[in-house]
Undergrad: 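Dumping the structure here so I can ask a few things about it.
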Protein chains: 2
Amino acid sequence: MARTREFDREEALDRAMHVFWDKGYEATSLSDLLDAMGIARQSLYDTFGDKHALFLEALDRYETHRLDQLQSCLETAPSVTRAFRDMFEGLVDESEAVKRRGCMGVSAVVELAPHDPELARSIAARQRGLEALFFRALERAREKGELPPSKDTRALARFFVGALQGLRVAATADPKSAALRDMARVTLQVLE
Amino acid sequence: MARTREFDREEALDRAMHVFWDKGYEATSLSDLLDAMGIARQSLYDTFGDKHALFLEALDRYETHRLDQLQSCLETAPSVTRAFRDMFEGLVDESEAVKRRGCMGVSAVVELAPHDPELARSIAARQRGLEALFFRALERAREKGELPPSKDTRALARFFVGALQGLRVAATADPKSAALRDMARVTLQVLE
DNA sequence: TCCTTTCCAGACCATTTGGTCTAAAATAAG
DNA sequence: CTTATTTTAGACCAAATGGTCTGGAAAGGA
């Protein structure tokens with residue numbers, strides 16, 4: 001009868017996610033991963049496959065969490081426009097360290113998507129998922145009179161996907177910059 | 001009397017830039033660089049210092065070219081608003097391969113800025129330079145009546161810096177996506 | 001031709017790399 | 001206690017890594 005799995009798969013994966021988020025894919029070594037995950041080399045290979053497979057799972061976990069957070073924000077905010085405001089201004093208000101660290105999704109896109117078709121497909125699907133989430137929210141906003149009826153909610157949703165990514169890159173580039181707030185402020189003006 | 005330098009430093013640097021642009025910093029090996037640059041190992045070390053120093057020069061070259069291109073676009077377009085339109089729609093109209101490849105500046109930010117203070121400073125300065133370029137252009141637009149007088153040109157300039165980066169990431173993530181055009185279209189609406 | 005300098009072609013270096021393999025230790029049910 | 005399975009602790013592997021070093025080849029002015 002099998003020995004029980006001693007380490008927590010999810011916990012290990014979460015730790016791997018943090019290392020990849022912090023350092024990216026190429027700059028993260030197996031040694032980094034094993035140290036952070038607290039497991040042995042063979043366990044990593046048995047449980048996750050290889051480094052690339054682990055990265056894909058870690059990214060999936062990250063993106064799922066992000067989407068859940070954004071969805072939660074959109075559902076609990078007093079209004080949809082307020083939720084968008086919270087999203088963008090919340091990003092600007094993050095600590096300098098968090099801003100510098102950036103977004104694991106953006107990092108994965110930029111570092112790997114040009115040469116990793118599997119990851120590129122996964123990411124494109126995620127991006128469409130985020131767009132769909134924003135689209136539904138903006139449709140609700142329009143129905144409630146929060147948005148002028150003339151607004152193209154599909155286009156707005158897409159715009160916000162790009163804007164979020166742009167703000168994240170700008171924040172990584174210069175976390176202290178006052179420009180970030182202006183970027184957020186002008187971005188949000190499209191809701192008026 | 002010294003032997004003349006046989007290889008063209010600028011040409012070699014340009015080729016290095018293309019390799020780094022294509023693969024990023026970590027995923028680019030010395031072997032990759034030497035092959036592309038067409039020089040020997042010792043020449044690279046004598047001429048550029050080391051891999052990191054070469055990367056910084058390559059990035060500088062890239063960013064200088066980009067700024068020149070944007071500046072040229074802003075100066076030669078019939079109007080400033082038209083220049084912004086050309087910038088964003090031009091990006092969307094690029095080939096799929098070019099979109100997938102992305103922006104070397106964004107790649108450098110995301111991959112290296114969190115852990116490379118020297119590069120982070122350089123990039124933050126570049127970002128401010130781009131903002132200044134956009135600001136001057138938008139001021140001209142306002143003076144010419146292309147923009148409503150109430151528009152905060154500083155804020156708009158900052159917004160466009162972020163928007164450009166966001167569109168680049170989105171294009172890398174999903175070059176074929178129709179969403180890119182909507183992102184550009186809504187971004188440009190802030191000029192109205 | 002000589003001298004000086006640059007460029008090249010590797011050898012060499014220590015270290016790291018992702019991944020495979022083996023055997024011992026640990027765990028838990030029967 | 002036995003059995004089956006998982007986990008660990010490395011050893012091992014071939015290859016790659018960024019960088020240093022050496023000596024020969026090449027170039028050009030004096």
Side-chain angles (χ1 to χ4, degrees), chain A residues 1-60 104 107-108 111-112 115-119, chain B residues 1-60 104 107-108 111-112 115-119:
Chain A
M1 192 276 192
R3 171 176 170 171
T4 52
R5 181 150 285 171
E6 226 162 78
F7 63 88
D8 188 327
R9 190 186 195 284
E10 291 306 299
E11 168 72 13
L13 180 61
D14 193 71
R15 290 178 179 190
M17 181 195 79
H18 279 284
V19 179
F20 281 128
W21 181 358
D22 211 27
K23 311 181 80 168
Y25 180 73
E26 293 286 347
T28 297
S29 67
L30 242 59
S31 185
D32 292 330
L33 291 167
L34 298 177
D35 285 346
M37 293 166 85
I39 67 177
R41 173 182 311 274
Q42 197 50 55
S43 297
L44 188 147
Y45 285 97
D46 288 342
T47 307
F48 298 101
D50 60 11
K51 184 186 175 188
H52 186 263
L54 176 62
F55 181 81
L56 292 183
E57 271 206 68
L59 180 62
D60 188 75
M104 186 187 176
S107 173
E111 191 186 357
L112 299 173
H115 302 289
D116 192 327
E118 181 183 1
L119 181 133
Chain B
M1 195 272 191
R3 171 177 170 172
T4 53
R5 183 148 284 170
E6 226 162 77
F7 63 86
D8 187 330
R9 190 186 195 282
E10 290 307 297
E11 169 72 14
L13 180 62
D14 193 72
R15 291 179 179 189
M17 183 196 79
H18 279 284
V19 179
F20 281 130
W21 181 358
D22 209 28
K23 308 180 81 166
Y25 181 74
E26 293 286 346
T28 298
S29 68
L30 242 61
S31 185
D32 291 331
L33 290 167
L34 299 176
D35 285 345
M37 292 165 87
I39 67 177
R41 172 180 311 273
Q42 196 50 56
S43 299
L44 187 148
Y45 284 97
D46 288 340
T47 307
F48 298 101
D50 61 10
K51 184 187 175 187
H52 186 263
L54 176 61
F55 182 82
L56 291 183
E57 271 206 68
L59 181 62
D60 189 74
M104 186 187 174
S107 172
E111 189 185 0
L112 300 173
H115 301 288
D116 192 326
E118 182 182 1
L119 181 133

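Model, not experiment: these values are computed from the prediction. Within every chain, numbering begins at 1; the chains are lettered A, B, ... in the order of the sequence lines, protein sequences first and strands thereafter.
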Undergrad: Quick one: is C:dC8 close enough that its OP1 or OP2 comes under 4.0 Å of any side-chain N or O from B:S43?
TA: yes
Undergrad: Write down the distance between CZ (B:F7) and C1' (C:dT5), rounded to a whole number of angstrom.
TA: 13 Å
Undergrad: Quick one: B:F48 CZ to C:dT6 C1', roughly how many Å, whole number?
TA: 14 Å
Undergrad: Distance check needed: C:dG19 C1' versus A:K51 NZ, whole Å only.
TA: 12 Å
Undergrad: Could you check how far CG of A:D35 sits from C1' of C:dT16, rounded to whole Å?
TA: 14 Å
Undergrad: Side-chain contact test, heavy atoms from C-beta onward, threshold under 4.5 Å: evaluate it for A:L44 versus A:K51 and give yes or no.
TA: no
Undergrad: Does a side-chain heavy-atom distance below 4.5 Å link A:F55 with A:T28?
TA: no
Undergrad: Give me, pair by pair, the N or O atoms of the protein and of nucleotides 9-14 of chain C that are less than 3.5 Å apart, along with how far apart they are.
TA:
none

Undergrad: Is any side-chain heavy atom of B:D116 closer than 4.5 Å to one of B:E111?
TA: no
Undergrad: In whole angstrom, give the distance that lies between atom CD of B:E26 and atom P of D:dA16.
TA: 18 Å
Undergrad: For residues 13-21 of chain A, dump all side-chain donor-acceptor pairs below 3.5 Å to protein atoms at least two apart in sequence or in another chain.
TA:
unit_1: A:D14; atom_1: OD1; unit_2: A:R61; atom_2: NE; d: 2.9
unit_1: A:D14; atom_1: OD1; unit_2: A:R61; atom_2: NH2; d: 3.1
unit_1: A:R15; atom_1: NE; unit_2: A:E11; atom_2: OE2; d: 2.8
unit_1: A:R15; atom_1: NH1; unit_2: A:A36; atom_2: O; d: 3.4
unit_1: A:R15; atom_1: NH2; unit_2: A:E11; atom_2: OE2; d: 3.1
unit_1: A:H18; atom_1: ND1; unit_2: A:R101; atom_2: NH2; d: 3.4
unit_1: A:W21; atom_1: NE1; unit_2: A:G102; atom_2: O; d: 3.0

Undergrad: Could you state the OH-P distance from A:Y45 to D:dT7, rounded to the nearest angstrom?
TA: 16 Å
Undergrad: Taking the side chain of A:L30 as heavy atoms from C-beta outward, which of C:dG18, D:dT7, D:dG18 is closest to it?
TA: C:dG18
Undergrad: Taking NZ from A:K23 and C1' from C:dT17, how many angstroms apart are they, rounded to a whole number?
TA: 13 Å
Undergrad: Where is the tightest heavy-atom contact between A:G24 and A:S107, given as atom of each residue plus distance?
TA: CA-OG, 4.3 Å
Undergrad: Find the distance A:L44:CG to D:dT6:P and express it as a whole number of Å.
TA: 16 Å
Undergrad: Which pairs count as salt bridge (charged side-chain N to carboxylate O under 4.0 Å, His left out) when at least one residue sits in residues 24-35 of chain B, sequence neighbours excluded?
TA: B:K23-B:D32
